[in-house]
Structure formats: structure tokens, C-alpha cells
Amino acid sequence: MTLVLHDPLPRQPTPEGVARRQAHERAKLAKRLRRQVGQAIADYGMIEHGDKVMVCLSGGKDSYAMLDLLLQLRQKAPVQFDLVAVNLDQKQPGFPEHVLPDYLRSLGVPFTIIEQDTYSVVKRVVPEGKTMCSLCSRLRRGALYRHAKENGFTKIALGHHRDDLLATFFMNLFFHAKLASMPPKLLSDDGEHVVIRPLATCREADLVAYADFKQFPLIPCTLCGSQENLQRKQVARMLAAWEKESPGRSETIARALADVRPAQLADPALFDFAALGRHGDGPLPDANAWLAVGAPEITED
């Protein structure tokens with residue numbers, strides 16, 4: 001008689017085991033994000049002793065995560081700095097005005113709500129079906145910059161993440177014929193404000209997961225969030241397809257943004273190609289002289 005031995009059924013995880021595993025994964029995620037934000041702050045000199053940082057809080061997952069991570073890092077930071085949350089209430093219909101104040105009071109974080117009806121301006125000026133983001137962002141930036149100047153903020157923190165930087169790079173490449181992105185640290189055009197992006201190396205997928213387990217009280221945007229034909233959304237879909245086809249491609253492109261080699265591009269204002277390999281001290285003829293060489297003479301009949 002032959003005995004047939006069957007493998008035992010796989011053991012089902014207990015609720016306690018599932019909870020422990022989830023807690024472990026969440027702790028790993030939080031640690032990774034803290035490390036990435038701390039590294040970005042150190043690499044780009046984002047925050048220094050005595051800074052008064054204006055943390056721009058929109059009500060979206062990214063700005064919530066940025067505030068949360070900065071609060072954690074401040075506890076053991078090598079320098080002392082202040083954090084103040086600032087929200088611009090753009091008077092969007094149905095905007096839940098109590099959500100952010102209630103949340104920030106529960107954290108004990110000082111905050112200011114700026115009220116400015118940019119919503120009506122955008123809806124009035126931008127034709128139906130056209131992209132609202134450009135005008136909306138200019139109005140929002142103007143209000144935030146003005147508030148920062150009036151209240152002595154030394155840094156303005158925005159919640160753009162790695163995927164935002166990548167999307168901006170390809171938007172500039174495809175639609176504006178230039179190699180440019182959102183820098184992790186920026187001096188405003190008027191030279192009065194230093195903008196920092198502490199989440200510059202954080203993946204959006206990680207921030208989605210972080211917001212989910214932290215249960216941030218998210219507030220959707222009814223302006224740009226309602227537009228599906230945005231160039232940024234088109235580029236985001238392209239990047240998502242690339243990542244699905246070749247996992248890790250986005251990370252490779254992100255690393256490339258920090259490894260720029262001017263001599264291997266083609267910008268004569270960035271690299272002195274004219275002086276490369278020159279012999280002799282004579283001046284080079286200008287472009288007009290070269291264009292005139294061999295030009296046929298135009299004669300009148």
C-alpha cells in the first residue's frame with residue numbers, strides 16, 4: 001500500500017501578523033522619506049540656523065507630507081529653525097475652510113490663512129477649455145511671495161516631488177525647446193526669496209502611500225485637478241508607461257538631472273565651444289561673416 005503525503009495547507013496570516021507587517025512597512029517608508037528629505041536639505045543647503053521657513057500648505061498629499069516630515073526632522077536637526085504653515089484660500093466654491101485650521105491646531109503648528117479670490121479671476125480670464133494652471137500659479141505665487149516678504153520668512157518651502165521635477169523637465173523639452181526643470185533650491189527672479197523643495201528626491205508613489213497611512217485630511221483642487229487635457233498630465237502618463245515597461249527608468253532620469261555635462265550638450269552660452277582646440281590668438285569672425293561667405297550676388301535685370 002502506497003501512502004500519498006500531501007503538503008499541508010499554507011498557514012493563513014493572523015490579523016496580528018498582518019498588522020505587524022503593515023506597521024513594519026510603514027516604518028520603513030517613513031524612514032526612507034525622512035532620509036531623502038534630510039539628504040536633499042543637506043545636499044542643497046536648503047535650511048540653515050535661524051531660518052524662518054514658510055511651509056506652503058495646499059491641502060494636497062505632498063504639502064501635508066512635507067510639513068509632517070519637516071516637523072519630524074526638526075526634532076533632531078543640527079540647526080534651529082522655525083516652521084510656519086501658510087495656506088492660500090483661493091475662494092474655490094465648496095472649499096472646507098475649517099479643515100486645515102483644525103488639523104494644524106491639533107499639531108500645535110503656527111499657521112496663517114491668506115484669503116484672496118484668485119478663483120474668480122482665473123475663471124473670468126481663462127476661456128472655457130483652456131489651461132488654467134499658468135495664471136493660477138502666477139497669482140498664487142505673487143500672494144505667497146508678498147506674504148513671505150511682509151512677514152520676514154527666509155525660505156519658502158514647496159511640496160514638489162521627484163515626479164514633478166521629471167514632468168517639468170519633459171514639458172520644457174517637448175513644448176518649450178529647452179533643458180530645464182524645477183530646481184531643488186531657487187532664487188526668485190527679483191532676488192528676494194529663496195524657494196526650497198524638500199521632497200525633490202521623493203517618489204510620488206511613496207507620498208501617496210504615506211498620506212494614506214497618515215490619513216491626512218486631503219482637500220481636492222477644483223481648478224487644475226478638474227482638467228484632464230493638461231500637458232503635465234500627458235507627460236505623467238508617458239512617464240508611468242515608461243516605468244511600467246522598464247522599472248527604474250524614472251529614477252535613472254532623475255539622477256541624470258544631477259549629472260549635467262555642458263561640454264556634451266550644445267549650448268555655447270554654457271560651454272565655450274569657440275575656445276575649444278583653438279590655435280592662434282586672432283579673433284574669430286562673427287556669424288554674419290560666416291553667413292556671407294559664398295553668398296550669391298543678387299543683380300537686377
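The figures here come from the full heavy-atom set of this structure, side chains too, leaving out hydrogens, waters and symmetry mates. Source: prediction; values computed, not measured.
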**OP:** State, yes or no, whether a side-chain contact exists between Ile219 and Pro96 at a heavy-atom distance under 4.5 Å.
**Re:** yes

**OP:** Starting from the C-alpha separation in whole Å, work towards a yes-or-no answer on side-chain contact (heavy atoms from CB on, under 4.5 Å) for His147 and Leu88.
**Re:** CA-CA 10 Å; His147 181 79; Leu88 175 61; over 6 Å; no

Original post:
Side chains of Phe174 and Met238: closer than 4.5 Å at any heavy-atom pair?
Top reply: yes

Subject >> Heavy-atom donor-acceptor pair, Thr154 side chain to Lys52 backbone, under 3.5 Å >> reply: yes

Subject >> Heavy-atom closest contact (Met46 atom, Arg197 atom, distance) >> reply: CE-O, 3.3 Å

Original post:
Is there a side-chain contact between Pro184 and Ile196 (heavy atoms, below 4.5 Å)?
Top reply: no

Subject >> Euclidean distance, Ile156 CD1 relative to Leu158 CG, rounded to 0.5 Å >> reply: 7.0 Å

Original post:
Does a sphere of radius 6.0 Å around CZ in Phe95 hold more than 12 heavy atoms from other residues, nucleotides or ligands, not counting ones at 6.0 Å or beyond?
Top reply: yes

Original post:
Cluster question for you: counting only ILVMFWY and a side-chain heavy-atom cut-off of under 4.5 Å, with indirect links fine, are Leu69 and Phe216 together?
Top reply: yes

**OP:** Enter the distance from Arg105:CZ to His98:NE2 here, rounded to the nearest 0.5 Å.
**Re:** 11.0 Å

**OP:** Hey, could you give me the CG/OH distance between Leu186 and Tyr44, rounded to the nearest 0.5 Å?
**Re:** 13.5 Å

Subject >> Asp51 (side chain) donor-acceptor with Val53 (main chain) under 3.5 angstrom >> reply: no

Subject >> Leu270 CG to Leu179 CG distance, which is reported to the nearest 0.5 Å >> reply: 10.0 Å

Original post:
Which word best sums up how the rings of Tyr210 and Phe213 line up, parallel for under 30°, tilted for 30 to 60°, or perpendicular for over 60°?
Top reply: perpendicular

Original post:
Are Leu276 and Asp272 close enough that some pair of their side-chain heavy atoms sits under 4.5 Å apart?
Top reply: no

Original post:
Do the side-chain N and O atoms of Ser250 and Glu243 include a donor-acceptor pair separated by under 3.5 angstrom?
Top reply: yes

**OP:** Take Val86 and Cys56 through the test side-chain contact (heavy atoms from CB on, under 4.5 Å) and record every step on the way to the result.
**Re:** CA-CA 5 Å; Val86 174; Cys56 298; 5.5 Å; no

Original post:
Under 4.5 Å between side-chain heavy atoms, hopping through other hydrophobics if needed: is there a path connecting Ile41 to Leu207?
Top reply: yes

Original post:
Quick one: CD on Gln72 to CZ on Arg34, what's the gap to the nearest 0.5 Å?
Top reply: 5.0 Å

**OP:** Return yes when atom CG of Asp190 has more than 12 non-hydrogen atoms of other residues, nucleotides or ligands closer than 6.0 Å, and no otherwise.
**Re:** yes

**OP:** Report whether Val260 and Phe169 are members of the same hydrophobic cluster (ILVMFWY, side-chain heavy atoms less than 4.5 Å apart, transitive linking).
**Re:** yes

Original post:
Rounded to the nearest 0.5 Å, how far apart are CZ of Arg35 and SG of Cys202?
Top reply: 10.0 Å

**OP:** Say whether Leu165 and Leu187 are linked into one hydrophobic cluster, either directly or through other cluster members, by side-chain heavy-atom distances under 4.5 angstrom.
**Re:** no

**OP:** Check the surroundings of atom CD in Gln22: do more than 12 heavy atoms from other residues, nucleotides or ligands lie under 6.0 Å from it?
**Re:** yes

Original post:
Leu199, Leu83: one ILVMFWY side-chain cluster at the under-4.5 Å cut-off?
Top reply: yes

Subject >> Partner set under side chain to side chain contact (heavy atoms under 4.5 Å, CB included) for His176, not counting sequence neighbours >> reply: Asn172, Lys178

Original post:
Does the side chain of Met54 come within less than 4.5 Å of Val84's, by heavy atoms?
Top reply: no

Original post:
Does Asp164 pair with Arg162 as a salt bridge, N-O distance under 4.0 Å?
Top reply: no

**OP:** Check for a donor-acceptor pair, side chain of Lys155 on one end and backbone N or O of Val195 on the other, with a separation under 3.5 Å.
**Re:** no

Original post:
In terms of heavy-atom contacts, does CZ of Arg278 have more than 12 from other residues, nucleotides or ligands at under 6.0 Å?
Top reply: yes

Subject >> Side-chain touch Leu257/Leu166, heavy atoms, less than 4.5 angstrom >> reply: yes

Original post:
So with a 6.0 Å cut-off around CZ of Arg21, is the heavy-atom count from everything else above 12?
Top reply: no

**OP:** Could you please spell out the steps behind the side-chain contact (heavy atoms from CB on, under 4.5 Å) verdict for Leu104 and Leu57?
**Re:** CA-CA 10 Å; Leu104 294 168; Leu57 201 63; 3.8 Å; yes

Original post:
Does the ring centre of Tyr103 sit less than 6.0 Å away from the ring centre of Tyr64?
Top reply: yes

Original post:
Asp206 pairs by side-chain hydrogen bond (donor to acceptor under 3.5 Å, both in side chains) with which of Gln36, His161, Arg32?
Top reply: Arg32

Original post:
Do Val235 and Phe175 come within less than 4.5 Å of each other through their side chains, counting heavy atoms only?
Top reply: yes

Original post:
Can you tell me if Ser63 uses its side chain to pair, donor with acceptor, with the backbone of Ser58 under 3.5 Å?
Top reply: yes

Subject >> Trace of the side-chain contact (heavy atoms from CB on, under 4.5 Å) decision for Lys61 with Val208 >> reply: CA-CA 7 Å; Lys61 68 183 188 312; Val208 170; 3.4 Å; yes

Original post:
Are Glu251 and Arg203 close enough for a salt bridge, meaning some N to O gap below 4.0 Å?
Top reply: no

Subject >> No-hydrogen, no-angle side-chain donor-acceptor test under 3.5 Å, Ser188 and Arg141 >> reply: no

**OP:** Look at the side chain of Glu48 and the backbone N and O of Gly45, then say whether any donor-acceptor pair between them is shorter than 3.5 Å.
**Re:** no

Original post:
Sub-3.5 Å donor-acceptor pair from the side chain of Glu204 to the main-chain atoms of Asp163, do we have one?
Top reply: no

Subject >> Salt-bridge contact Lys214-Asp68 (side-chain N to carboxylate O under 4.0 Å) >> reply: yes

Original post:
How about Ile114 and Asn87: do any of their side-chain heavy atoms sit closer than 4.5 Å?
Top reply: no

